[in-house]
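Worksheet: one structure, shown below.
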Number of protein chains: 2
Amino acid sequence: MNSNQYLQAAELHCEQRGCKLTALRKQVLELVLRHEGVVKAYQVLADLQKERGAAAPPTVYRALDFLVEQGLLHRVDALNGFIVCDHFECQHESMILVCETCGKVQEVDVMAALNGLRDVAQAADFTLSHQNLMLTGLCKVCRV
Amino acid sequence: MNSNQYLQAAELHCEQRGCKLTALRKQVLELVLRHEGVVKAYQVLADLQKERGAAAPPTVYRALDFLVEQGLLHRVDALNGFIVCDHFECQHESMILVCETCGKVQEVDVMAALNGLRDVAQAADFTLSHQNLMLTGLCKVCRV
DNA sequence: GACAGCATGTTACTGTATAACATCACATTG
DNA sequence: CAATGTGATGTTATACAGTAACATGCTGTC
């Protein structure tokens with residue numbers, strides 16, 4: 001799926017959920033798409049400023065929040081960053097793998113594998129919500 | 001284990017690992033211990049300033065980083081905070097459960113339950129390091 | 001055209017974290 | 001004992017992250 005296709009699908013996705021991928025939101029999403037892997041809010045802000053002159057933090061954060069809410073992006077807490085989710089259509093719980101060495105990220109689905117954790121939590125009288133886990137390790141390339 | 005016992009054990013633990021729980025580090029650890037649950041760096045900083053007058057962010061961050069490195073604290077990325085680990089002796093991988101409603105945290109061990117995730121990661125050509133997962137959900141009290 | 005409701009712009013601020021350099025304390029050793 | 005090296009701490013300044021609060025603009029509906 002190329003960038004344009006993605007944007008189109010994203011637009012449709014938003015409409016189906018009863019809200020709009022406005023020009024600004026689309027532009028922000030586009031900026032995020034341009035980067036490989038994790039993008040920071042202030043990076044997006046800088047990019048946005050290049051493209052349209054003035055822009056303040058709230059502008060970017062609001063757009064990013066919206067995109068996260070729609071499932072188009074995932075927030076990666078531990079990195080204060082965001083990544084594109086390329087399977088926003090389906091209900092999923094994912095695990096975001098961050099390589100400690102090169103910083104590359106990938107997302108894998110873990111709906112099933114989470115059950116073990118869910119059981120442990122349940123045993124501690126705790127009910128897990130939907131998760132987007134972030135775990136660290138070594139990617140194929142950096143593993144040597 | 002009360003606070004004093006913990007501090008003593010912590011001191012021993014550091015020595016065994018070839019480093020020192022200095023007065024400052026001990027004081028910071030004590031300040032963290034005083035709080036239930038998650039503590040923020042700037043909260044600790046404020047407390048520290050009350051006790052010893054001047055103190056700047058790096059002082060606190062260095063101490064906290066040290067304590068995390070020694071396994072005495074866990075960093076909770078998603079909350080920009082820290083919690084005490086009360087079983088720093090043993091090699092463990094834990095899951096930190098954060099209640100979405102009341103914010104209380106608890107730590108549970110998940111060495112075994114992580115294997116499922118490890119397998120999924122391996123299938124994606126990724127080798128997981130040791131983890132301290134943070135997951136959100138509802139605690140016993142807030143679950144209703 | 002008036003209004004409601006949402007999106008965006010703007011200002012100012014709070015909170016989180018670190019770089020870079022200065023100084024101190026203490027152990028080692030020549 | 002003085003010289004030196006090393007790690008801990010102090011200090012200043014700044015970078016980076018996020019939000020509150022209010023102003024303005026846009027669009028659809030009655």
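Values reported hereafter were calculated over all heavy atoms of this structure, with side chains retained and with hydrogens, waters and symmetry mates removed. Reminder, nothing fancy here: chain letters follow the sequence lines and each chain counts from 1.
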Without decimals, in angstroms, what is the distance between A/Leu24 CG and D/dC26 C1'?
14 Å

With hydrogens left out and only the distance checked, is there a donor-acceptor pair under 3.5 Å joining A/Arg62's side chain and the base of C/dG9?
yes

Note: for B/Ala56 and A/Pro58 on DNA chain D, the residue whose nearest nucleotide lies more 5' is B/Ala56

Check the distance between C/dA25's C1' and B/Arg25's CZ and give it to me in whole angstrom.
13 Å

Using the six-membered ring for Trp and the full ring for Phe, Tyr or His, decide whether A/Tyr42 stacks on the six-membered base ring of D/dC16 (centres under 5.5 Å, planes under 30°).
no

Between P on C/dT16 and CG on A/Leu79, what's the gap in Å once rounded to a whole number?
18 Å

Closest non-hydrogen contact found for A/Leu64 with A/Phe82 is CD1-CE1, 3.6 Å

B/Thr22 side chain: which of C/dT16, C/dT10, D/dA8 is closest?
D/dA8

Selection from D/dT11, C/dA17, D/dA17 that lies nearest to any side-chain heavy atom of A/Asn80
D/dA17

Between P of C/dA17 and CG of B/Leu64, the distance in whole Å
9 Å

A/Arg52 side chain: which of C/dT16, D/dG18, C/dG9 is closest?
C/dG9

Specify the separation, in whole Å, of atom OH of A/Tyr61 and atom C1' of C/dT14.
13 Å

Do A/Asp47 and A/Gln43 get their side chains close enough for a donor-acceptor pair, meaning under 3.5 Å?
yes

Ignoring hydrogens and angles, tell me if any N or O in the side chain of A/Gln131 forms a donor-acceptor pair with the backbone of A/Ser129 under 3.5 Å.
yes

Quick one: closest heavy-atom pair of A/Arg25 and A/Lys20, and the distance?
NH1-O, 2.8 Å

What is the distance, to the nearest angstrom, from the CG atom on A/Leu67 to the C1' atom on C/dA7?
14 Å

Send over the distance from B/Lys20 NZ to D/dT9 P, rounded to a whole Å.
10 Å

Mind checking the CZ-CG spacing from B/Phe66 to B/Leu21? Nearest 0.5 Å is all I need.
6.0 Å

Rounded to whole angstroms, how far apart are CD on B/Gln49 and P on D/dG10?
12 Å

